[in-house]
Amino acid sequence: MASSRVDHKEGTASHDKGIGVVSMSPKDQNSARDAAIDWLMRRNEGRLSRREQRAFDAWLAADPAHRAAFGDISEMFGRLTEMRFDRATARASRRRPLAAALGAAAALFLGVAFFDDLSLLIQADVYAGPGGTKSVALPDGSHAQLDARSAIALRYEGGERRVALLAGQAWFEVAPDPARPFVVEASGGTVTALGTAFDVSVEQETTRVTVGEHRVSVASGGRAVTVGEGEQSAYAPGAAALPPSHADLTRATAWRNGSLIFENATLGEVVATLGRYHRGHVFFADPQIATRRVTGVFGANDPVEALREIESALGLRMVALTSYLIVIYS
């Protein structure tokens, strides 16, 4: 990553200061964690034989990182077994506590992600999967660039060019055609182009509109506001759009160049954005962790490395329980 920074109220972390540097490579770190999970599962399912115990002791003694990884996984297992993912998990955990807890957590979150992606694929005309953006020419000569895990559906009919942003974020460059308005529909509101280029982002309960060129009309909750070049507006489902305000175009559109910029964002918001680029799920052991504040610049091509930087800067801990499930805890 060429440049990254994580700031928070308790201090600042920076690569220049050497904070967040680990002695093990990510590959070695993952191998140690994988082995630690394997040993913990074997110990949890029954008493180790003398031969197995000797092998386990030798593995622990071979590298201090092995003992650290085993300690991390053991602590995380203790936290996971206190949680109730669902009734099936609870029943299974009485039979095989560790395998059930890890397996159910992974299955639960990956299952949700899989069906969410499948639902988007069914509805969408254009879909950008996890890990990369996608650019496409629309039938009228307009262009759209979709962020990772974003989807649009085309609803061109008669005298209107309508595009539904089903999920994620997209940048639109609109071909002029006064006879057929270009309208983006998102979360119950609409954005009508007035000869322009603009960005629309669906972020949980908020849809944000940022204008790069000319103007748009943003309508929601029975009201409409005109947003000019270099301005932005936002609305919640069913609520009126906010009056236009100055926009930081560099930050709002950095994703188009492979960068993600956050200023005083909650860790939950940061993780949700990084989640577009990660083929898996990030889970907070304590929901309060998600309220921590982060300011930083990260590369979209390596979300796990971004999480490692945040982990170090905020004094948190991160464990990859599988290749697709990361747990963050304090």
(request) Measure the acute angle between the ring planes of F56 and W39, then classify it against the limits of 30° and 60° as parallel, tilted or perpendicular. (result) tilted

(request) Mind checking the NE2-CH2 spacing from H143 to W171? Nearest 0.5 Å is all I need. (result) 14.0 Å

(request) Would you name the heavy atoms of H214 and L194 that are closest together and state the gap between them? (result) CB-O, 3.9 Å

(message) What's the separation between atom CD in Q123 and atom CG in L166, rounded to the nearest 0.5 Å?
(response) 5.5 Å

(request) Using a strict cut-off of less than 4.0 Å between a Lys/Arg side-chain nitrogen and an Asp/Glu carboxylate oxygen, indicate whether E305 and R308 qualify as a salt bridge. (result) yes

(message) Let me confirm one number: the CG-CZ distance from D57 to R54, rounded to the nearest 0.5 Å.
(response) 9.5 Å

(request) Please name the pair of heavy atoms, one in L307 and one in V282, separated by the smallest distance, quoted to 0.1 Å. (result) CD1-CG2, 3.8 Å

(message) I need the L316 CG to R292 CZ distance, nearest 0.5 Å.
(response) 5.0 Å

(request) Starting at CG of L146, measure out to CG of L165 and round the result to the nearest 0.5 Å. (result) 7.0 Å

(message) Treating T207 as the side-chain partner and V202 as the backbone partner, does any N or O pair qualify as donor plus acceptor under 3.5 Å?
(response) no

(request) Could you tell me which non-hydrogen atom of G212 sits nearest to which non-hydrogen atom of L249, and how far apart they are? (result) CA-CD2, 4.3 Å

(message) If I take atom CH2 from residue W255 and atom CD from residue Q145, how far apart are they, to the nearest 0.5 angstrom?
(response) 4.5 Å

(request) Please work out whether the ring planes of F182 and Y156 are parallel, tilted or perpendicular, with thresholds of 30° and 60°. (result) perpendicular

(request) Run the salt-bridge test on D140 and R180 with the 4.0 Å N-O cut-off and return the result as yes or no. (result) no

